[in-house]
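Computed from a prediction, not measured in an experiment: that's the story for all the values here. Numbers restart at 1 for each chain; the letters A, B, ... are given by sequence-line order, proteins then strands.
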Amino acid sequence: MSEEKSLNFIEEIIENDLAEGKYDKIVTRFPPEPNGYLHVGHAKSICLNFGLAKKYGGKTNLRFDDTNPSTEETEYVDSIKEDVKWLGFEWANELYASDYFEALYQFATALIKKGLAYVDDSTSDEIAEQKGTPSAAGKRNQYADRTAEENQILFEEMRAGRYPDGSKVLRAKIDMASSNMLLRDPIIYRIKHAHHHRTGDDWCIYPMYDFAHGQSDSIENITHSICTLEFIPHRPLYDWLIEKLEIFPSHQYEFARLNITYCIMSKRKLLQLVTENFVSGWDDPRMPTISGMRRRGFTPESIREFCDKIGVAKRENLIDFGLLEFCVREHLNRISFRRMVVFDPVKLVITNYEEGRVEMMQSENNPEDENGGNREVPFSRELYIEREDFMETPAKKYFRLAPGQMVRLKSAYIIKCDDVIKDSAGEIVELRCSYLPESKSGGDSSGLKVKGTLHWVSVAHAVAAEIRLYDRLFTAENVDAAEGDFKDYINPYSLQVIQTAFAEPALSGSNLIDRYQFIRKGYFCLDKDSTAEKLIFNRSVTLKDAWAKEVKKS
RNA sequence: UGGGUUAUGGUGUAAAGGUAGCACUACAGUUUUUGGUACUGUCUGUCUAGGUUCGAAUCCUAGUAACCCUACCA
C-alpha cells in the first residue's frame with residue numbers, strides 16, 4: 001500500500017487531541033471577510049480547514065467575518081460561496097459573525113460587570129499616544145476608573161445611538177504595560193453609524209475583530225481555529241477573552257500564509273488592480289483569485305493538488321509559480337481533448353494532392369485515455385501550418401519543415417518541402433510541398449521515419465478564433481519585497497491577443513466546461529466572452545517546450 | 001536591554017539523538033505520429049561558532065538573519 005505521509009504540525013496537534021480524548025470530533029471554520037474575492041492564498045486555508053475536518057471526521061463552518069460594514073458587500077459573500085463550492089468543499093453551516101451581534105453585546109456587558117471593560121472618551125490620536133510603543137509602556141487614562149455601573153449605562157447609550165462615530169469606544173481592561181501591544185487595553189467596540197449588508201441599521205456599534213472572531217469560534221464550538229502567522233500576537237488576547245467570559249475554549253493555531261512568485265496576494269492591492277483597471281475584473285484570468293484561475297481554465301483538482309504539495313508549516317515561504325503550473329498541466333494532460341489550432345499561419349500547398357479532394361483523418365482525442373475515442377479532421381490540398389514551423393535555412397537540430405526536409409503532418413501524411421514562394425518584400429507567402437500517399441497515419445507503409453510532426457488546419461475548413469495568451473502579471477519575482485510601488489512591476493505584456501487564429505472544425509462546438517490541449521501549443525479553454533459568432537480561447541498554461549529551451553541556449 | 005515567530009539544496013517540505021528523504025526546478029538520457037506525456041539518471045542542503053554524546057538537523061550555550069506587533073481593518 002502507499003507509504004504513510006508525514007503529518008504537518010496541525011495534524012499532529014489534532015491527532016494528539018483526539019488520542020487524549022480532548023475532543024470526539026473536530027470542528028473547524030473558514031472565516032473570510034466579505035470585502036473582496038477569494039484568492040489562491042485562501043484556497044490554501046480552505047483546503048486546510050475543510051481537509052482536516054474531512055480527514056478526521058469533523059465538520060467545517062463557513063463563517064463570514066462581517067464586523068466592518070463600511071467595506072463589506074453582498075457581492076463578495078456570493079462570490080466567496082461560489083468559489084468554495086467550486087473548489088469542491090461543502091460547509092456544515094453558513095454563518096455570519098453578524099448573527100452573533102446580540103450575543104457579542106451580552107459578552108461585552110459581562111466584561112463590564114466584572115470590571116474588565118470600560119468606555120473611553122479619548123480620541124483615536126489620544127488612544128494611540130497613550131498606548132506607548134513596543135519598547136515603551138503605555139499609560140492608562142482617567143476613563144479607566146469609571147465604575148461598572150457608569151460603563152454599563154454609557155455602553156447602552158452607545159448602542160442606542162446617543163453618540164457620534166469616534167466619540168467613544170469600549171475597551172478591555174488588561175495591561176497597559178504589556179510587551180504585547182494587543183493587550184494594552186484593546187478596543188473591542190466602536191461606534192459606526194453605517195448600514196450593514198445583513199443587519200441593516202439595527203446596530204451603530206460594531207465589535208472589533210478580536211472581540212468577534214474568538215467569540216464566534218467559541219459559540220460554534222470550534223475546536224481548532226486556524227489562521228495565519230500575523231495573528232500570533234492576538235492569541236493571548238483570544239485566550240484572555242475566552243477565559244474571562246468563561247465560554248467554550250476554542251484554540252487558535254497559526255500557519256504561514258501562501259506567497260507565490262510574480263503574484264500579489266493582498267486583497268487591498270488586488271482591489272486596486274480592479275478599480276484602477278489594470279485588469280478586467282476580479283476574474284481576469286491573470287489574477288491569482290479563485291475566479292480568475294477558474295476563468296483561466298485551472299481545475300479545482302489542480303488547485304487542491306497544489307495546496308497539498310506546498311505543505312503547511314510556520315516559516316515564511318515563496319512558492320515557485322511553476323509548481324502551480326505543473327499541477328495544472330498534470331491534470332489537464334489527463335482530461336483535455338487534443339485539437340489543432342494554427343496561431344500564426346503560413347499557407348502550405350500539397351502540389352500532388354488532388355484539387356477539391358477532402359479526406360477525413362482520424363485523430364485521437366486524448367492519447368492518455370484509451371477510451372477517449374477519435375474525432376475527424378478534414379485534410380485537403382491547401383493547409384495552414386505555423387510560420388515558426390518552417391525555416392528556410394534550418395538551425396542545427398531543427399527538425400521541422402525546411403527546403404528538401406520531410407515532416408509528418410499530425411494524423412495525416414509525411415510531406416516534403418519542394419519550393420518556397422515569397423512576395424516582393426521577401427516575405428514567405430506559400431510553401432509548396434509533395435506528400436507520400438503511402439505514409440498515411442494508421443496505414444503507413446513508407447518505411448520512413450521523420451523527426452518532426454506538425455499540427456495543421458485545412459484552409460477551406462478552418463474556423464476563426466481569438467486566442468488570449470497570458471503571462472505573469474508582475475515582472476518582479478517577489479513583488480512584495482521589491483522596491484517602490486507594486487504597480488511599477490506590472491508586466492505590460494501579460495496579455496497578448498491573437499485576433500485570428502485558425503482552428504480545426506471540431507472546435508466550433510466548444511463550451512465553457514471543455515478543456516483542450518491545442519497540440520504543441522498549450523492548454524486552452526473557451527472564455528466567457530465568446531459568442532455564437534466568435535470563439536475566444538484562454539491559454540491556461542503552455543506546454544513544456546524543450547525546443548524553446550534549446551533555442552535559448554544558443 | 002521591548003516582545004513574539006522562524007531558520008534544512010535554486011524553491012517548498014520531511015526526518016521526534018541513529019543512512020539527511022520527497023516534490024518542483026535545472027541538467028543528461030530512453031521512448032514517442034505533440035521538441036508534449038511517460039520512464040531513467042545526475043547536481044545542489046541542515047544559519048554561524050562553541051559544547052554534550054559512541055553518534056546531533058534534532059539537546060545545551062552564545063551569536064546572526066528574516067518576518068510580525070505601536071488601525072476605532074480583518
query = For the side chain of A:R338, counting heavy atoms from C-beta on, which of B:A23, B:A7, B:G36 is nearest?
reply = B:G36

ask   = Of the nucleotides B:C24, B:C69, B:U33, which has the atom closest to the A:T453 side chain?
value = B:U33

request  = Would you mind classifying the nucleic acid contact of A:N180 as base, sugar-phosphate or nothing, using non-hydrogen atoms under 4.0 angstrom?
outcome  = nothing

With [atom1] as the reference atom in both, quote the distance from [N] to [M] in angstrom, rounded to an integer.
| N | M | atom1 | result |
| --- | --- | --- | --- |
| B:U48 | B:U8 | P | 10 Å |
| B:A28 | B:G55 | C1' | 37 Å |
| B:C43 | B:C27 | C1' | 8 Å |
| B:G17 | B:A57 | P | 13 Å |
| B:G50 | B:C22 | C1' | 33 Å |
| B:U32 | B:U40 | C1' | 15 Å |
| B:A38 | B:C24 | P | 9 Å |
| B:U25 | B:G10 | C1' | 7 Å |

ask   = RNA chain B: A:K309 or A:K397, which has the more 5' nearest nucleotide?
value = A:K309

Mutual orientation of the aromatic rings belonging to [X] and [Y] [parallel < 30°, tilted 30-60°, perpendicular > 60°]:
| X | Y | answer |
| --- | --- | --- |
| A:Y435 | A:Y413 | perpendicular |
| A:H196 | A:Y206 | parallel |
| A:F518 | A:F537 | perpendicular |

Report yes if at least one side-chain N or O of [X] is closer than 4.0 Å to OP1 or OP2 of [N]; otherwise report no.
| X | N | result |
| --- | --- | --- |
| A:T67 | B:A74 | yes |
| A:R257 | B:U5 | no |
| A:R520 | B:G35 | yes |

If you go through the side-chain atoms of [X], does one of them form a donor-acceptor pair with the base of [N] closer than 3.5 Å?
| X | N | result |
| --- | --- | --- |
| A:E316 | B:U5 | no |
| A:E477 | B:G10 | no |
| A:R400 | B:G35 | yes |
| A:R408 | B:U33 | yes |

message = From CG of A:D320 over to P of B:C24, roughly how many Å is that when rounded to an integer?
response = 12 Å

Every protein N/O lying under 3.5 Å from an N/O of nucleotides 43-45 of chain B:
none

request  = Measure from NZ or CZ of A:R515 to the centre of the six-membered ring of A:Y523 and say whether it is under 6.0 Å with the direction within 45° of the ring axis.
outcome  = no

